[in-house]
Amino acid sequence: MPIPEDITGFELDADVRQELKSLPKTLADDVARNLVMVARMLDSEPEEAYQYSRVALRLASRVAAVREAAGFASYMTQRYSEALTEFRAARRMTGRADLWPVMADCERGLGRPERALAMAGEPEVKQLDKAGQVEMRLVAAGARSDMEQFDAAVVTLQSPELASSAVHAWTARLRYAYAEALIAAGRADEARDWFAKAAEADTDGTTNASERLAEIDGVEFIDTLDPELAEDETESTDAPAKKRGGGDNADDRVIFEDEEDVEEFYDEDDLEIDEDFDGVVPERVQEVQDTKADTKAEAEDTKADKAAKAEPKAEADAGAEAAADKS
């Protein structure tokens, strides 16, 4: 697996680097660089992180930090059986109980919620710090929900940590899980307040509490950067107007773009006999009518002038013919 040159391995925590000192220096550096890649890609590219973890595992399977990293990479890619194996190995090597909640969640992932509940009652839970105990409550409540014991899931999450107004790293997730449990138990009216409390505590965006709250309130978010939406808006903006008055009725009059169109569809005779005409002549139609009337008047004047000029000439021609006859 390729590793960027700027990754040195010193990005790891000091306690992890201390564990790697049991390895030859060159090997320790290789393992450290792979562990850095696991940590960097675990959330964004879990499958890639998993591949780096397998490299580290092949190089140093007897280092607890490596087994733990491999466990989390397997867990994030839903390889729960592999994850459980690695977590158990890491726990045997260190004797720590901090992996107990995630091990119980692996049991849930394997379809064994009853084992997860059993682990929630083991002595190891008492060895957990506050964050670990909250995590154990979340796993136990999830197991109850898996078994369709929704009311029991609600009760499982009710605790001093839930009631506290103080905000910790796990507060948003605890409140969010409680809201979800209320909905599953048919208490959606109570869930809204807890989604709101979760959104208030979720400054890092670890949950979608804000979206769930908006969904309950009937608020719809529109992505203004969506290219398809932008294309639809452009098409609607570029579309030419075909009707005036803003109506959708079938008898709305069409707006024509030039005088020839008006002449074609609005003849004077048609306007006189149109029973449906509302008495209001469109401005452009009136202009055309005025123009046609002026043209007609000019034509009549021209015809009259020609007739007036033609009369003297006709008299002169008649006189000339009479004189010729006499001679």
Side-chain angles (χ1 to χ4, degrees), residues 42-43 46 50 64 67-164 166 168-191 193-195 197-198 201-202 206-209 212:
L42 192 60
D43 291 330
Y50 173 79
R67 303 301 290 265
E68 183 175 335
F72 278 110
S74 298
Y75 176 80
M76 291 296 290
T77 55
Q78 300 183 10
R79 295 176 170 92
Y80 297 116
S81 182
E82 289 184 21
L84 191 55
T85 297
E86 300 305 329
F87 288 141
R88 285 173 176 168
R91 182 171 175 274
R92 285 195 304 269
M93 292 176 182
T94 63
R96 303 195 320 261
D98 56 319
L99 294 175
W100 197 253
V102 70
M103 290 170 62
D105 207 37
C106 286
E107 295 287 2
R108 285 186 60 211
L110 292 171
R112 302 192 291 249
E114 67 285 349
R115 292 193 184 183
L117 282 177
M119 292 179 67
E122 294 292 334
E124 284 80 358
V125 177
K126 296 181 181 180
Q127 302 176 31
L128 299 172
D129 60 11
K130 183 64 67 176
Q133 291 178 4
V134 170
E135 197 67 36
M136 195 70 245
R137 281 188 179 274
L138 291 171
V139 174
R144 293 287 188 187
S145 296
D146 294 342
M147 300 168 67
E148 299 186 356
Q149 299 175 4
F150 304 118
D151 291 330
V154 171
V155 174
T156 300
L157 292 171
Q158 292 173 345
S159 61
E161 293 79 16
L162 179 67
S164 175
H168 302 278
W170 38 261
T171 300
R173 293 178 57 239
L174 179 60
R175 294 175 179 178
Y176 183 89
Y178 188 63
E180 289 282 22
L182 288 171
I183 289 180
R187 298 161 59 180
D189 53 335
E190 301 176 54
D193 291 339
W194 285 101
F195 277 127
K197 292 179 180 179
D202 191 6
T206 56
T207 71
N208 65 336
R212 294 301 304 275

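Owing to the predicted nature of the structure, the values given are computational and were not obtained by experimental measurement.
When all heavy atoms are compared, the tightest approach of Ala188 to Ile183 is CA-CG1, 4.3 Å. What you find for Arg108 and Ala116 is that their closest heavy atoms are CG-CB, 3.8 Å. Minimum heavy-atom separation, Ala83 to Cys106: CB-SG, 3.8 Å. Closest of all the heavy-atom pairs between Asp105 and Val139 is N-CG1, 3.8 Å. Counting all heavy atoms, side chain and backbone alike, Ala90 lies closest to Leu99 at CB-CD1, 3.9 Å.
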Which side-chain N or O atoms in residues 118-129 pair as donor and acceptor under 3.5 Å with protein atoms at least two apart or in another chain?
unit_1 : atom_1 : unit_2 : atom_2 : d
Glu124 : OE2    : Arg91  : NH2    : 3.2
Asp129 : OD1    : Ala131 : N      : 3.4
Asp129 : OD1    : Gly132 : N      : 2.7

Without placing hydrogens or testing angles, list every side-chain donor-acceptor pair under 3.5 Å for residues 150-158, not counting sequence neighbours.
unit_1 : atom_1 : unit_2 : atom_2 : d
Thr156 : OG1    : Ala152 : O      : 2.8
Gln158 : NE2    : Tyr178 : OH     : 3.0

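Remark: Glu135 engages Pro101, Leu138, Arg173 in a side-chain contact (heavy atoms from CB on, under 4.5 Å) (not counting sequence neighbours). Taking the side-chain contact (heavy atoms from CB on, under 4.5 Å) definition, one finds that Arg112 meets it with Leu84, Glu107, Leu110, Glu114, Arg115, sequence neighbours left out. For the side chain to side chain donor-acceptor pair (under 3.5 Å) test, no residue two or more places apart in sequence or in another chain qualifies with Thr171. Here Ala163 pairs with nothing under the side-chain contact (heavy atoms from CB on, under 4.5 Å) rule; sequence neighbours left out. Residues that satisfy the side-chain contact (heavy atoms from CB on, under 4.5 Å) test with Glu190, not counting sequence neighbours, are Leu182, Arg187. By the side chain to side chain donor-acceptor pair (under 3.5 Å) test, Glu161 pairs with Lys130, Ser159, sequence neighbours left out. Arg67 pairs by the salt bridge (Lys or Arg N to Asp or Glu O under 4.0 Å) definition with Glu86, not counting sequence neighbours.
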inquiry  = Walk me through whether Tyr50 and Glu82 qualify under side-chain contact (heavy atoms from CB on, under 4.5 Å).
reply    = CA-CA 11 Å; Tyr50 173 79; Glu82 289 184 21; 2.7 Å; yes
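A 4.5 Å side-chain heavy-atom check between Asn208 and Tyr176 finds at least one atom pair inside the cut-off. When side chains are defined from C-beta on, Leu117 counts as touching Met147, because their heavy atoms get closer than 4.5 Å.
Note on residues 83-115: pairs passing ring pair (Phe, Tyr, Trp, His ring centres under 6.0 Å), not counting sequence neighbours, are Phe72-Phe87. Contacts classified as salt bridge (charged side-chain N to carboxylate O under 4.0 Å, His left out) and involving residues 175-184 (residues at least two apart or in different chains) are given here: Glu180-Arg212. Pairs engaging residues 68-78 under the salt bridge (charged side-chain N to carboxylate O under 4.0 Å, His left out) rule: Glu68-Arg96 [sequence neighbours left out].
With hydrogens and angles disregarded, a donor-acceptor distance shorter than 3.5 Å links the side chain of Asp202 to the backbone of Thr207.
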